[in-house]
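Chain letters run A, B, ... following the sequence lines, proteins first and then strands; every chain starts at 1.
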Protein chains: 2
Amino acid sequence: MELDALDKQLVALLQEDCKKTTKQYADALQLSKTAVYERIRRLERTGVITGYVALLNKSKIKRDFTVLCHIRLVQHTKENVLRFEREILKLEEVSECFHVGGDYDYILKINVEDMKSYREFMITKLTAINNIGNTQSSFVINEVKNSPSVHI
Amino acid sequence: MELDALDKQLVALLQEDCKKTTKQYADALQLSKTAVYERIRRLERTGVITGYVALLNKSKIKRDFTVLCHIRLVQHTKENVLRFEREILKLEEVSECFHVGGDYDYILKINVEDMKSYREFMITKLTAINNIGNTQSSFVINEVKNSPSVHI
DNA sequence: TTCAAAATTAGAACAATATTCTAATTTTAA
DNA sequence: TTAAAATTAGAATATTGTTCTAATTTTGAA
């Protein structure tokens, strides 16, 4: 699917705030609300927009201790890789997990309440997973930018 | 603000999908729609919920080349740190940027179209920033998990 | 370039949902 | 134990989403 300039503007607006009324987007794009309504439906139907979610203030829910954890596996067989990823998906503390090239195999973003609960998480959940070689935890001092949206 | 069990359930639902009707959340929580409506308003007013956004399929908009870039600064004076962060905030390719402790000073998540555009980004934008010592790019082979939501 | 088919759009009509209101119930704290 | 405050349910209303029809624009083949 090809996105024209209006689609891109619309998607940018929806990435900022998806709870405005159709009329508000219509005014911003100088279109009728039907036009905007149909464009949004098409973006959803074609899979450009995958969903709509609420964003939380992590400090208000006691999850503002963030760690970027680098992991090296011992063995890199297909089986081991798939099993590791399956285990990671079960861990609710892990909000992001990327298989990467370079010095380490995986980089994870972990959100917990504090250092104490991070230690608990490491001991009882993360390093309990088989085949983990070693880990390196980078503790977040400051979130300069943390947005789920991407430029379009 | 204290969140009771119903608030937590509600927030969990809103992090999955914020576009259901009040009645749908009400049914899930076994409450009236007014009760749910007021709870959501309170979560917004007290800053637990910071906003509502659309999520995109990055491959559909040609931004599915993801790199986690590690950066070391030359000098760590307050001025240099603040200037660096100010420059990073201007770069639309950077969706996340964390100041971390450990081997490197910053870890960035960068979303572009392909390797070619990543090279272009590095040369013309990133390393154009003053005071960057060295960088290490970890190219994402697979997104195991990538969610803006946090467990509650 | 021309023209017919397909897609998109505007505006009106309608349906569904959000929002407000009142009263009842529950919770809180003295 | 009890009065004040907060929360809730259900009804009434306002707003917005959705559908419909016709007009306009875009697209692609001749």
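Salt-bridge formation is not detected for the pair B:K145/A:E85: no Lys NZ or Arg NE/NH1/NH2 atom is positioned less than 4.0 Å from an Asp or Glu carboxylate oxygen. Electrostatic pairing of B:D103 and B:R72 counts as a salt bridge here, judged by a charged N lying under 4.0 Å from a carboxylate O.
Distance NZ (B:K20) to P (D:dT16): 24 Å, rounded to an integer number of Å. The interatomic distance linking B:D27 (CG) with C:dT17 (P) rounds to 11 Å, in whole Å. Atom P of nucleotide C:dT17 and atom NZ of B:K33 are separated by 9 Å, given to the nearest angstrom. If you take CD of B:E2 and P of D:dA6, they are 16 Å apart, rounded to a whole angstrom. Spacing between atom CG of B:L31 and atom C1' of D:dG10 amounts to 14 Å, rounded to whole angstrom units. For the pair A:E38 CD and D:dG17 C1', the computed distance is 12 Å after rounding to whole Å. Note: CG (A:L14) to P (D:dG17) measures 12 Å, nearest angstrom. To the nearest angstrom, C1' of D:dT7 lies 14 Å from CG of B:L10.
For C:dA18, one of the phosphate oxygens OP1 or OP2 lies less than 4.0 angstrom from a side-chain nitrogen or oxygen of B:T22. The side chain of B:R42 contributes no N or O atom lying less than 4.0 Å from OP1 or OP2 of D:dA6. In terms of phosphate contacts, B:Y37 brings a side-chain nitrogen or oxygen within less than 4.0 Å of OP1 or OP2 of C:dT19. Taking 4.0 angstrom as the limit, A:R41 places none of its side-chain polar atoms (N or O) nearer than this to OP1 or OP2 of D:dG17.
Partner A:K125 forms a side chain to side chain contact (heavy atoms under 4.5 Å, CB included) with one of A:E87, A:E93, A:K90 and no other, that one being A:E93.
With hydrogens and angles left out, the side-chain atoms of A:K109 and A:N146 include a donor and acceptor closer than 3.5 Å.
The nearest heavy atom of DNA chain D to A:T34 and to B:V36 marks one nucleotide each, and the one closer to the 5' end goes with B:V36.
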